[in-house]
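Side-chain atoms are counted along with the backbone in the values below, which use heavy atoms only and exclude waters and symmetry mates.
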Amino acid sequence: VALAQGDAKLALSMLSGLEQGLPLLAADIQRWRAEAASTVGPYGEAASYFAARSTPDAMLKAAAAFERAGEIARARAQSERVLSNDHRSRLQEATARGMRARLAEGTGDKATAAADVRWVAVHAPDSPAAKEADLALARLSPERALTAEELMARARALADAGRTDDSLHALDRVASAPPPKVTKLDELHARADILYKTRGRSLEAAHVLDECATVGGAHAMEDEFHAARALARADHDDEAIARMTLIARHHPNTTWGDEAQYFVPYLHLLHGDWKTAASGFDEYAQKYPTGVERREALRNRAIAHLMNQSFTSARKLFEQVAAEESDPLAAARALSMAALGALRDGDR
């Protein structure tokens with residue numbers, strides 16, 4: 001509790017000699033004593049304890065303790081142990097690089113320091129070490145701003161961390177960044193992907209995906225499809241249905257035509273338009289018997305027919321769902337629905 005309250009000095013005094021009366025807890029007591037010592041000292045004792053462990057977390061604690069003890073070479077060695085450990089996480093690597101950069105700059109090794117802070121700025125801009133790394137990068141490499149490719153990587157890392165606005169800000173800098181450059185289409189795709197995956201930004205994603213489709217390229221049709229999906233996510237379902245209908249009509253022999261053909265009745269299903277949904281799923285089943293969305297289409301087709309009071313069809317479709325289902329509970333649910341269809345069809 002004392003450690004949790006930030007009172008490492010009190011914790012250390014309470015842990016002193018405690019293992020003598022609690023021998024079965026000796027290992028835990030030793031670990032907590034090292035945790036407390038790493039904050040208030042003796043730092044050498046904490047460093048020795050953590051340096052004897054082989055996990056990246058322990059290595060980072062050893063490095064920090066050695067740094068506090070003034071043993072710079074040993075602190076850097078521990079941070080480099082983390083970087084050579086195959087089990088390190090991205091954030092652990094960022095912490096280790098941030099520490100090595102600080103130590104390297106202090107000893108005049110500016111090349112290593114600059115390389116480390118650049119890595120953090122690009123690949124871990126969401127880490128606790130990022131703010132210090134950004135400042136250090138401006139100080140150590142003022143003539144080498146992040147390149148367009150590096151800004152793209154930074155944007156993806158920020159997006160993965162849920163920092164959408166910061167991610168988009170990084171993309172705003174791509175056009176004026178030094179080479180190696182990226183194409184306008186690549187930048188638009190990155191922006192669209194970030195917006196598409198962010199709750200509440202679907203309408204913006206649709207607009208950017210429309211830009212991607214207008215530019216063209218090998219993924220233009222895919223961009224059109226995802227623009228329609230984004231509109232549906234933004235509750236612009238009528239426009240999404242219209243676009244999906246056109247994609248299905250004009251690109252029937254493609255994956256995206258297949259997907260679009262499925263999503264048209266699916267959107268009608270969500271709106272309770274059972275008759276249109278049932279008809280659409282029937283058409284999908286006939287047109288794409290081995291389609292991408294075959295399993296989902298079969299289940300939703302059965303639901304649409306049941307709700308449309310086409311009980312004979314619904315019963316047969318639910319029985320088909322049950323027969324093809326590998327999960328026994330899911331199969332049982334489908335059979336229950338088939339029974340409901342049979343009951344409403346008068347077959348007790």
Just how far is it from atom [atom1] of [X] to atom [atom2] of [Y], taken to the nearest 0.5 Å?
X	Y	atom1	atom2	value
Asn308	Arg301	CG	CZ	12.5 Å
Gln92	Thr95	CD	OG1	7.5 Å
His250	Glu224	NE2	CD	10.0 Å
Glu19	Arg33	CD	CZ	4.0 Å
Asn85	Ser54	CG	OG	7.5 Å
Leu195	Leu168	CG	CG	5.0 Å

Exam field: side chain [X] to backbone [Y], donor-acceptor pair closer than 3.5 Å:
X	Y	result
Ser167	Arg163	no
Arg97	Val120	no
Ser48	Gly44	yes
Lys181	Ala175	yes
Arg201	Thr164	no
Arg344	Gln309	no
Ser38	Glu35	yes
Ser16	Ser13	no

Criterion side-chain contact (heavy atoms from CB on, under 4.5 Å) on Asp116 and Thr112, from CA distance to verdict: CA-CA 6 Å; Asp116 279 338; Thr112 298; 3.8 Å; yes
With a 4.0 Å cut-off on N to O distance, would you call [X] and [Y] a salt bridge?
X	Y	result
Asp126	Arg90	yes
Glu296	Arg299	yes
Asp258	Arg294	no
Glu80	Arg100	yes
Asp160	Arg156	no
Arg191	Glu211	no

Taking all atoms of both residues into account, what is the closest heavy-atom pair of [X] and [Y], and its distance?
X	Y	answer
Leu3	Ala11	CG-CB, 3.7 Å
Ala145	Arg118	O-NH1, 3.7 Å
Ala37	Leu12	N-CD1, 4.1 Å
Met152	Ala190	CE-CB, 3.8 Å
Leu146	Ala177	O-CB, 3.7 Å
Ala314	Ala302	CB-O, 3.8 Å

Taking the side chain as every heavy atom from C-beta outward, state whether [X] and [Y] have any atom pair closer than 4.5 Å.
X	Y	answer
Met59	Arg88	no
Leu171	Leu151	no
Gln78	Val82	no
His87	Thr55	no
Asp282	His305	yes
Pro265	Thr276	no
Leu188	Asp223	no
Arg333	Phe318	no

With Gln261, the side-chain contact (heavy atoms from CB on, under 4.5 Å) member among Glu283, Met244, Glu293, Arg249: Glu283
Derivation and outcome, side-chain contact (heavy atoms from CB on, under 4.5 Å), residues Leu270 and Asp237: CA-CA 10 Å; Leu270 294 183; Asp237 287 350; 5.5 Å; no
With hydrophobic residues grouped by side-chain heavy-atom distances under 4.5 Å, do [X] and [Y] end up in a single group?
X	Y	result
Phe263	Met221	yes
Leu15	Leu22	yes
Met307	Tyr262	yes
Leu306	Trp274	yes
Leu335	Ile303	no

Tyr266 vs Asn300, side-chain contact (heavy atoms from CB on, under 4.5 Å): CA-CA, chis, key distance, verdict: CA-CA 8 Å; Tyr266 176 73; Asn300 287 323; 3.8 Å; yes
Mutual orientation of the aromatic rings belonging to His123 and Trp119 [parallel < 30°, tilted 30-60°, perpendicular > 60°]: tilted
Parallel, tilted or perpendicular, as decided by the 30° and 60° cut-offs, for the rings of Phe225 and Trp256: tilted
Does [X] [atom1] have over 12 foreign heavy atoms under 6.0 Å away?
X	atom1	value
Lys287	NZ	yes
Tyr43	OH	yes
Arg139	CZ	yes
His271	NE2	yes
Asp238	CG	no
His251	NE2	yes

Lys/Arg cation over aromatic Tyr196: Arg229, 6.0 Å, 45° cone: no
Axial cation check for Tyr49 ring with Arg53, 6.0 Å and 45° limits: yes
Test salt bridge (Lys or Arg N to Asp or Glu O under 4.0 Å) applied to Glu187 and Lys184, step by step: CA-CA 5 Å; Glu187 185 269 320; Lys184 177 63 176 177; 3.3 Å; yes
With Arg154, the salt bridge (Lys or Arg N to Asp or Glu O under 4.0 Å) member among Asp166, Asp172, Asp134: Asp134
Output field: ring centroids Tyr284/Phe281 closer than 6.0 Å: no
Residue pair Glu204, Val208: steps toward the side-chain contact (heavy atoms from CB on, under 4.5 Å) verdict: CA-CA 6 Å; Glu204 294 174 73; Val208 178; 5.5 Å; no
